[in-house]
Amino acid sequence: MGCQNSSSKEVVKHEIIKPVVISTWNHGLEANIEAWKILVNGGNALDAVEVGVKTAEANPNVQTVGLGGFPDREGKVTLDACIMDHHSNCGSVAFLQHIKHPISVARKVMEETPHVMLVGEGALQFALEQGFKKENLLTKKSKKAYEAWLQNSNYKPIINIENHDTISMLALDENGNLSGACTTSGASWKMHGRVGDSPIIGAGLFLDNDVGAAAATGMGEAMIKTAGSAMVVELMRHGTSPEDACREVVERIYTIYQNTSDLEWLQVGFIALNKNGEYGSYCLRPGFNYAVQTKSMENQLINGKYLLP
């Protein structure tokens, strides 16, 4: 009996599903469509995740990413993004203004500089030198929302638990290689200069091509405090399933915040994808969902399992 169980587990372990793409929130559906065009034709995961998340960056109706993102409390749209490939190369930009596609700037940082992260004016200077165009990212719709907020200026970093937030994407390509991307305009009405987890390797995004990849969404400070995405990957390294790894890190975050007033508005969520193409997610509160596509499963939105009712 024991030998039969062992044999069964061994078969499952070596059954690799590829390609796979997984991304956060309902805008992940559109992102997956573009990423899948690359993956299904044998393209690499790095190109797929960049092209995928750019759909949200360019969509003014996604008011938490790129063009049309909600501004900070001074009315300025500031963007954060990072990208990572299967060689553990990574690039990041933070507090970047006037550039619609920070994910592409982050990739340029990875490929064209000796650095991992550029921020603020330096990131903008680099982007312009690389041929990116400077433009106004504050749309009429987001400006109107900002002006409404100014009536009371009641700053409280409320994270939406509906379908609005950072877009994070993980992909496994036909060659068995992983890549990931994360991009956001950050918390609405944040302090000028605030940077969350999205551009921080290990917090908002992390991967090890021998193990798997993870990415986060929600209140960035919580992911930074726990090195959340890196911890999810480390748990998978020791054999934990993607979903259980996400759940354990969410539980750690809950332990930190459970006796604080911040718990009232806290939402965090993780997605994870291991080397075998198995995926999973877990979040603190209901409302988070993610999009997945594989060769055997059409692009679809899945509600994340959660800790608190």
Side-chain angles (χ1 to χ4, degrees), residues 24 50 53-54 56-58 60 62-84 90-139 142-143 145-146 149-150 153 155-160 164-168 180-206 215-225 227-229:
T24 56
E50 180 190 7
V53 301
K54 283 175 71 174
E57 289 180 335
V62 180
Q63 292 178 281
T64 50
V65 182
L67 175 66
F70 286 129
D72 60 22
R73 62 174 66 180
E74 294 185 14
K76 295 180 172 59
V77 179
T78 68
L79 308 177
D80 305 324
C82 72
I83 195 166
M84 191 170 187
C90 42
S92 168
V93 291
F95 193 51
L96 175 64
Q97 299 181 57
H98 310 300
I99 303 296
K100 182 166 62 179
H101 290 300
I103 196 64
S104 296
V105 183
R107 182 169 179 175
K108 286 291 186 181
V109 172
M110 178 179 75
E111 295 177 339
E112 305 294 339
T113 82
H115 308 305
V116 169
M117 178 181 280
L118 293 178
V119 305
E121 287 297 323
L124 175 59
Q125 178 183 336
F126 172 75
L128 296 175
E129 289 171 353
Q130 292 294 315
F132 292 87
K133 294 181 179 179
K134 187 174 181 179
E135 56 187 296
N136 177 26
L137 303 180
L138 184 62
T139 60
S142 291
K143 184 179 180 181
Y146 170 64
W149 174 80
L150 282 177
S153 298
Y155 178 71
K156 187 176 183 182
I158 298 173
I159 290 296
N160 296 306
H164 310 281
D165 211 315
T166 303
I167 184 167
S168 299
C182 185
T183 180
T184 186
S185 56
S188 308
W189 335 131
K190 61 193 175 185
M191 292 178 65
H192 188 60
R194 180 264 189 185
V195 172
D197 66 306
S198 295
I200 299 176
I201 301 297
L205 172 71
F206 190 73
T217 184
M219 177 48 68
E221 283 76 4
M223 266 70 81
I224 294 170
K225 288 179 181 180
S229 292

Angle between ring planes, Phe70 versus Trp189, binned at 30° and 60°: parallel, tilted or perpendicular? tilted
Sole residue of Glu50, Glu57, Arg107 in side chain to side chain donor-acceptor pair (under 3.5 Å) with His101: Glu57
Ring pair (Phe, Tyr, Trp, His ring centres under 6.0 Å) between His98 and Phe132, worked out: CA-CA 10 Å; His98 310 300; Phe132 292 87; over 10 Å; no
Is a side-chain donor-acceptor pair under 3.5 Å present for Gln125 with Glu121? no
Just by distance, with hydrogens left out, do Ser142 and Gln63 show a side-chain donor and acceptor under 3.5 Å apart? yes
Shortest non-hydrogen contact from Ala216 to Ser229? N-OG, 3.7 Å
Nearest non-hydrogen partners of Val116 and Val109, listed with the distance: O-CG1, 3.4 Å
Where do Lys190 and Asp72 come nearest, in terms of heavy atoms and distance? O-CB, 3.2 Å
How many angstroms lie between CG in Leu118 and CG in Leu124, if you round to the nearest 0.5 Å? 11.0 Å
If we only count heavy atoms from C-beta on, is the Leu128 to Ile99 side-chain gap below 4.5 Å? yes
Heavy-atom closest pair, residues Cys182 and Gly204: SG-O, 4.2 Å
Salt-bridge criterion met for Glu221 and Arg194 (N-O under 4.0 Å): yes
Tightest non-hydrogen contact, residues Met84 and Cys90, listed as CG-CB, 3.9 Å
Side chains of Thr183 and Lys54: donor-acceptor distance under 3.5 Å anywhere? no
